[in-house]
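Report on the structure given below.
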Amino acid sequence: MNEKGKAGHLEEWLISRLQHRIKKVTENIETLKTRTAIENAFYEIWNDFRWYKRRKEESHTKTLKEALEIWTRMLAPFIPYVCEEIWNKTKKEGFIALAEWPTFDEKKVNIKAEEIETLVANVLDDTSNILRATKMTPKQICYYSAASWKWKIYLKALEKSIATKIVLSEFMKELMKELMKDSELHKMAEKVAKFASQTIVEINEMPEENKRRQLQIEIMDEEETLTEAIKFFKKEFNAKISIYREDDPKRYDPKKRAELARPYRPAIYIE
């Protein structure tokens, strides 16, 4: 197979997702949860491949081959004859029934790549939901990434919420005490308090694992992430796509949607 395409964060995302699938399927097999193992081995990995193909204009053949080999070995206990045929077609030696079972490799887990794709997928879903609800045919879609001061609040709230049961009034008091130590935030105390209050409610409903993942990567450059995905959004919605920072004085924002931007939830304007 001649190598085509260029490897980037989407390849890191695909291999990272496979590590989670390997771990999950292995655990399910060891605990005799066969049905769950099959669902993860087939449907969940298939969905990962579909997303990769949807996002990538030209697939990176070396990464796809590696991923296919892993997938085939994971499916072998469930559809052995089909997997033996695939194994043979990919010119692998011996029988797949005797091949080593894939092992989880934590070094190949890339939280940042995963969170980037989660952001892109969420923005895609949010935009699609708006279009379905309004029955609009978009000519232009604008996305606005959250201002840096909102990230300061969001990350501080995340940090304080880890392994802590949030009592809203007490948590808000402690959080504001911390935030007011920042000179930039102190100057806009009223806006900070309003946003902090909304953020606490949001974080309180967030799974602990998600909190830790987001803290691990800290601030995501949403403007860069969305800009790199412009071609993808343009293809999906057949519209002009524009990306702005919330506080960009030159942004196009006739309905003042930018101020609604939140970390991991860019604001959206459609016309």
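Grouping the Ile, Leu, Val, Met, Phe, Trp and Tyr side chains by contacts below 4.5 angstrom, directly or via other members, places Trp87 apart from Phe49. Residues Ile130 and Tyr269 do not share a hydrophobic cluster, clusters being chains of Ile/Leu/Val/Met/Phe/Trp/Tyr side chains in contact below 4.5 Å. No continuous path of ILVMFWY side-chain contacts below 4.5 Å connects Leu119 to Leu260, so the two sit in separate hydrophobic clusters. Note on Ile270 and Tyr244: separate hydrophobic clusters, where clusters join Ile, Leu, Val, Met, Phe, Trp and Tyr whose side-chain heavy atoms are under 4.5 Å apart, directly or indirectly. Note on Leu158: it does not cluster hydrophobically with Val201, by side-chain heavy-atom contacts below 4.5 Å among ILVMFWY residues.
Here the CG-CD distance, from Asn47 to Glu44, works out to 6.0 Å after rounding to the nearest 0.5 Å. Here the CD atom belonging to Glu159 is positioned 6.5 Å from the CG atom belonging to Leu215, to the nearest 0.5 angstrom. Residue Leu179 holds its CG atom at 8.0 Å from CE of Met172, rounded to the nearest 0.5 Å. Considering CZ of Arg21 and CD1 of Ile45, their distance stands at 7.0 Å, rounded to 0.5 Å. In this structure, Glu218 CD and Leu155 CG are separated by 7.0 Å, a value rounded to the nearest 0.5 Å. For the atom pair Ile203 CD1 and Lys160 NZ, the distance stands at 12.0 Å (nearest 0.5 Å).
Scanning both residues, Ile38 and Phe78, for their nearest heavy atoms gives CG1-CD2, 3.4 Å. Between Pro138 and Ala239 the shortest heavy-atom distance is O-CB, 3.6 Å. Heavy atoms only, all atoms of each residue included: Glu208 and Ser161 are closest at OE2-O, 4.4 Å. Counting all heavy atoms, side chain and backbone alike, Glu259 lies closest to Lys256 at CG-O, 3.4 Å. Taking all atoms of both residues into account, the shortest heavy-atom contact from Arg262 to Gln198 is NH1-OE1, 3.1 Å. Considering all non-hydrogen atoms of both residues, Trp149 and Leu185 come closest at CB-CD2, 3.7 Å.
Contact of the Arg54 side chain with the Leu124 side chain is registered, since non-hydrogen atoms from C-beta on lie closer than 4.5 Å. Counting heavy atoms from C-beta outward, Gln216 and Arg212 have side chains that stay 4.5 Å or more apart. The shortest distance between side-chain heavy atoms of Asp253 and Cys142 does not fall below 4.5 Å. You'll find the side chain of Met220 reaches within 4.5 Å of the side chain of Ile116, heavy atoms only. The shortest distance between side-chain heavy atoms of Thr72 and Leu68 falls below 4.5 Å.
Ion pairing of Lys250 with Asp248 is absent here, as no side-chain N (NZ or NE/NH1/NH2) approaches a carboxylate O to less than 4.0 Å.
Partners of Ala76 according to the side chain to side chain contact (heavy atoms under 4.5 Å, CB included) rule, which considers only residues two or more places apart in sequence or in another chain, are Cys83, Ile96. Partners of Ala113 according to the side chain to side chain contact (heavy atoms under 4.5 Å, CB included) rule, which considers only residues two or more places apart in sequence or in another chain, are His9, Glu12, Trp13, Asn110.
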(message) Determine whether Ile141 and Phe233 satisfy the following criterion, side-chain contact (heavy atoms from CB on, under 4.5 Å), listing intermediate values before the conclusion.
(response) CA-CA 9 Å; Ile141 302 173; Phe233 290 129; over 6 Å; no
(request) Walk me through it: do Asn122 and Thr118 pass the test side-chain contact (heavy atoms from CB on, under 4.5 Å)? (result) CA-CA 6 Å; Asn122 287 342; Thr118 297; 3.6 Å; yes
(request) Please lay out, stage by stage, how Asp105 and Lys107 fare under the test salt bridge (Lys or Arg N to Asp or Glu O under 4.0 Å). (result) CA-CA 5 Å; Asp105 187 348; Lys107 293 180 181 178; over 6 Å; no
(request) May I have the step-by-step check of side-chain contact (heavy atoms from CB on, under 4.5 Å) for Leu14 and Leu10, ending in yes or no? (result) CA-CA 6 Å; Leu14 181 60; Leu10 275 164; over 6 Å; no
(request) Report the C-alpha distance between Lys56 and Glu11 in whole Å, list the side-chain angles of each, state the deciding distance to 0.1 Å, and finish with yes or no for side-chain contact (heavy atoms from CB on, under 4.5 Å). (result) CA-CA 9 Å; Lys56 189 80 172 184; Glu11 283 67 34; 3.2 Å; yes
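No more than 12 heavy atoms of other residues, nucleotides or ligands shown are found within 6.0 angstrom of CZ on Arg265. Within a 6.0 Å radius of NZ in Lys194, no more than 12 heavy atoms belonging to other residues, nucleotides or ligands are found. In this structure, Asn238 places its CG atom where only 12 or fewer heavy-atom neighbours from other residues, nucleotides or ligands lie under 6.0 Å away.
For the 3.5 Å distance criterion, the side chains of Arg132 and Asn129 qualify, holding a donor opposite an acceptor. The closest side-chain donor-acceptor pair between Gln140 and Tyr252, if any, does not fall under 3.5 angstrom. Using a 3.5 Å distance cut-off with no hydrogens or angles, the side chains of Trp101 and Thr26 do pair a donor with an acceptor. Side chain to side chain, Glu223 and Tyr143 fail the donor-acceptor criterion of an N or O pair below 3.5 Å.
A salt bridge (Lys or Arg N to Asp or Glu O under 4.0 Å) with Lys150 holds for exactly one of Glu202, Glu246, Glu184; it is Glu246. For the side chain to side chain donor-acceptor pair (under 3.5 Å) test with Ser16, the passing option among Lys108, Glu114, Lys112 is Glu114; the others fail. Partner Ile22 forms a side chain to side chain contact (heavy atoms under 4.5 Å, CB included) with one of Lys24, His20, Gln19 and no other, that one being Gln19.
Note: Trp151 and Tyr154 have perpendicular aromatic rings, judged against thresholds of 30 and 60 degrees for the angle between ring planes. Ring orientation note: the planes of Trp71 and Phe42 are tilted relative to one another, at an angle of 30° to 60°.
Judged by distance alone, the side chain of Glu222 and the main-chain N or O of Tyr264 form a donor-acceptor pair under 3.5 Å. The closest donor-acceptor contact from the side chain of Asn204 to the backbone of Ile200 lies at 3.5 Å or more, if one exists at all. Under the 3.5 Å distance criterion, the side-chain polar atoms of Arg73 are matched with a main-chain donor or acceptor of Glu100.
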